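Numbers here simply count residues along the sequence, with the first being 1. Given the structure is predicted, the values throughout are model-derived calculations rather than measurements. Read the numbers this way: they start at 1 and go in the same order the structure lists the ligands and their atoms.
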Amino acid sequence: MRITETADLWYKNAIVYCIDPETFLDSDGDGIGDLNGLAQRVDYLAEIGVTCLWLMPFYPSPRRDNGYDIADMYGVDPRYGNHGDFVELVRIAHDRGLRVIIDLVINHTSDQHPWFRKARASKDNPYRDFYVWRSDTPPDTSEESMFPDSENGIWTHDEKTGEWYLHHFLHTQPDLNTANPQVRDAIAKTMGFWLQLGVDGFRVDAVPFAINQTTFEGHDKNELEEPHDYLRSLRAFLARRSSGNGAAIMLGEVNLPHEEQLTFFGGSDGDQLTMQFDFYTNQKTFLALARQDAAPLIEALNSRPKDIGVEPQYANFLRNHDELTLDLLPEDEQNEVLDTFGPEEEHRFAGRGLRRRLPPMFDGDPRRLKMAYSLLFALPGTPVLFYGEEIGMGENLEVDGREAVRTPMQWTDEKNGGFSSAAPSKLARQVTEGPYGPAHVNAADCRRNKDSLLHHITRLAKRYRESPELGWGDYAVLDQPNPSVLAHHVTWKDRSMVLLHNLGAEPVVVPLTLEEEEPGTQLLDLMSEESCELDQDSSTESQLDGYGYRWLRIKRADDPRLV
Ligand code: GLC
C-alpha cells in the first residue's frame, strides 16, 4: 500500500464536518454566529479528528432559504464578519490540518441579486438572458416544485415585463440560465475568487437542477455544448486554478439513483464532480434502520456503480441540514420510515421527509446511536457529519420547517447553551429545549464523559483515518445468516478489514468464512481490542450485542501499522 496516495487524493479518506456559521458560535454577543466564533472552535474540531470543514452559505442574502438565496457571490454577510475574518479562519483551519470547502450555488441567485434586478428591469436588458424566461402561460407545474408547501409551481409571473421566470426552489430564488456562456464565466470567476482566498473546494448545491433540460430548451443545440459539458468545464477550471495548492474538489448534491449519478461523475472519464453524496444509500439505510433489517442497505451498496475509477468518491451521511428526504424510495417504503421515525405530523416536512435529528428518532438509545455512527464511518466512502451530531443534539420542533435541525450549537449548560451572550430573544434561532436542550446535551459535558457520543465519534475518526481501506478500498457484502446484520469486507492493496453491524436490538452470532485468508489468520477488533483467529476452514464466529458493531482488521505480518 502506498500511504502517499492518501495525501494526494485527500478527500478519499477525509472526515467532513458541515457548519452553519449563523448558529455555531457568536463571538460578539449580537445573537448571530460568526466567522470569528467559528475560528475559536477549530481546535475542538481538530481534536475530534475532522479533516475538512464545509461552510454553509455565509454570503450576503435576504435569507429566505437559510442563505442559499445569494445576493452577492463574492461577499461575506456583515453579520458573520468580513473577508479578513474569512481569510483568518481558513488560515487557522489550514494550520490545524483542516481543509475548508464552501457552498457554491450555481442553480439560482436571490431575486435581490443585482443580476436579477437588472434582468427584470426590461426584456432587452443585457442581464435578461442570465435567467430563464417564457412568454406563454406555463402549464401546471405544481408537482415539479421543490417547495410544494410554499410554491404553486416552478414559474412565476413577473409583473413588469409580463413574462414568467423559472425557479425550481422559492420564487425568490430565480434559476440561472446556465446555458448562457456569460453565466458560466461568471460562476467560474466566483470559484476562482474563493480559491484565491484559500478554499479547498466547493459543495455544489442542487447540481441536477443547474443543468436541467428546461434551462436548455429553445437554445440552438448546435451552438451549445451538452449540459454535462458545463460540469466538465468547471472541473477543468478547478484543476487549473488549484494545481499548485493541492487539488480542490467539487462535492455535488445530486439526489438521484446511483445509475444516474454515474453521469455526474463523468462516467468512465471521471471528469465532472469529484464527489457526490450518496442519497440513495442514505435513504435505504434509514429503511434498514426502521426495519432492523440490513437487506435494503445491502441492496443499496450492491447497486453502487463499481467502475467509477480512482478519483471519484462517494460521501456518506446520516443527517444533514435539510429534511431527511425519502424521495428515492417507493411510497410504501417512505411510509415505513415516516411511521417509524416521524410518527407525528410535526416531525414531517413537505410530506416527503423528516425534520428531525437522529437521537430523538432513536428515542435517545445510546447503543443504537453509537452503532449508527460506527456504520457511517465504516461504509465505503467519506463520512460527513452535520454540526452537533457528535454530541447527540436533537431538533427543536417549535422552530418552523427545516430550521428545526439548524438550532444553535450547544457548547455548555449555560445561558443559550454557550452559543451567545445575547438575550434569548435576540438569537438567530431558538435554542433547543427539553431533554435535548443544553442542560442535558452539550459539548463541555461530553468532553468530560468518556462514554459520550463525542468520545465514540472521536475514536471512530481515529480508526477511520488509520484505515484508508475504508475510503479507498473495494468492498463486498459477506454472506451470513442474520437478517439484521450487515457484514462487509473492504480491501485496498494489501490491507483488508471485515466490518460487522447489527441493526437489530437482539444479540447475534455471526459466522464468517474468509476463503482467501490462511487458517490461523488473526482478526483484530479495532474498537474493543479483542481478537479472534480463523480456524482450519478459514472460518470464525463473532458475537454481536444488540446494536453491536465490530471493525476487524485482518492482521498481516508486513502491515506497518500499530495495532
Ligand atoms: C439544496 C440545499 C437546501 C436548499 C436548496 C436550494 O438542496 O441543501 O438547503 O434549500 O439546495 O438552494
Side-chain angles (χ1 to χ4, degrees), residues 16-23 54-73 77 101-113 115-116 131-132 144-151 154 156 165-176 178 187 190 202-212 214-215 250-256 261 264 273 275-280 282-283 315 317-328 349-350 352-357 384-387 389 395 399-407 428-429:
V16 182
Y17 186 95
C18 170
I19 296 176
D20 188 344
E22 184 170 48
T23 48
W54 154 22
L55 302 187
M56 285 171 63
F58 49 79
Y59 312 99
S61 159
R63 296 192 77 80
R64 299 275 174 274
D65 182 17
N66 210 48
Y68 282 94
D69 47 331
I70 299 173
D72 174 8
M73 294 188 191
D77 189 317
I101 64 173
I102 61 175
D103 251 294
L104 179 77
V105 183
I106 62 174
N107 177 62
H108 47 263
T109 64
S110 160
D111 62 351
Q112 302 305 310
H113 194 289
W115 295 342
F116 192 68
Y131 297 87
V132 186
E144 292 173 58
S145 174
M146 287 309 289
F147 294 131
D149 283 11
S150 43
E151 300 291 342
I154 61 171
T156 286
Y165 62 87
L166 181 68
H167 58 89
H168 279 91
F169 295 89
L170 297 175
H171 70 278
T172 49
Q173 289 167 299
D175 279 19
L176 283 162
T178 52
I187 296 281
T190 313
F202 302 91
R203 180 266 186 189
V204 193
D205 188 62
V207 181
F209 297 95
I211 56 171
N212 75 87
T214 318
T215 304
M250 293 199 296
L251 163 56
E253 184 197 26
V254 180
N255 178 11
L256 291 175
Q261 280 193 316
F264 288 82
L273 295 170
M275 298 178 83
Q276 290 181 58
F277 294 103
D278 191 344
F279 279 93
Y280 185 72
N282 172 267
Q283 297 181 30
F317 63 103
L318 287 172
R319 289 294 294 112
N320 65 15
H321 62 289
D322 288 328
E323 77 279 12
L324 166 59
T325 179
L326 299 165
D327 54 358
L328 298 177
F349 178 79
R352 64 166 185 248
L354 292 168
R355 48 187 215 111
R356 305 194 82 186
R357 283 181 176 257
V384 182
L385 292 164
F386 179 47
Y387 78 90
E389 279 196 287
E395 71 277 357
V399 179
D400 279 349
R402 302 183 302 170
E403 264 70 18
V405 302
R406 302 169 184 168
T407 56
R429 206 156 292 136

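The salt bridge (charged side-chain N to carboxylate O under 4.0 Å, His left out) test with Glu323 is passed by exactly one of Arg356, Arg402, Arg406: Arg402.
Between the side chains of Asp69 and Gln112, no donor N or O sits under 3.5 Å from an acceptor N or O.
When non-hydrogen atoms are compared, ligand 1 lies under 4.0 Å from the side chain of Arg203 (C-beta onward) but not from its backbone.
In terms of protein heavy-atom proximity, atom 5 (C) of ligand 1 is nearest to Phe169 CE2, 3.7 Å. Atom 7 (O) of ligand 1 has Glu253 OE2, 2.8 Å as its closest protein atom, hydrogens excluded (heavy atom only). Among all non-hydrogen protein atoms, the one lying nearest atom 11 (O) of ligand 1 is Asp205 OD1, 2.8 Å. If you check which protein heavy atom lies closest to atom 9 (O) of ligand 1, you get Asp322 OD1, 2.6 Å.
The contact set between ligand 1 and Phe147, taken as ligand atoms under 4.0 Å from a residue heavy atom, comprises 10 (O). Against a heavy-atom cut-off of under 4.0 Å, His108 is close to the following atoms of ligand 1: 6 (C), 12 (O).
Glu253 and Phe277 get closest at one heavy-atom pair: CA-CD1, 4.1 Å. Of all non-hydrogen atoms in Arg63 and Pro57, the two that sit nearest each other are NH1-O, 4.0 Å.
The ring of His167 has its center closer than 6.0 angstrom to the ring center of Tyr165.
Residue contacts with ligand 1 do not include Met56, since none of its heavy atoms lies under 4.0 Å from the ligand. Under the 4.0 angstrom criterion for non-hydrogen atoms, Met146 is not in contact with ligand 1. For Arg406, the heavy-atom gap to ligand 1 drops under 4.0 angstrom. Residue contact annotation: Asp65 has a non-hydrogen atom under 4.0 Å from ligand 1.
Below 30°, between 30° and 60°, or above 60°: for His321 and Trp54 the angle between ring planes is above 60°, a perpendicular geometry.
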Next on the checklist: Working note: Arg429 + Asp20, criterion side-chain contact (heavy atoms from CB on, under 4.5 Å); need CA distance, chi angles, decisive distance, verdict.
Outcome noted: CA-CA 12 Å; Arg429 206 156 292 136; Asp20 188 344; 4.1 Å; yes
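For Asp400, the CG atom is loosely surrounded, since the number of other residues' heavy atoms within 6.0 Å does not exceed 12.
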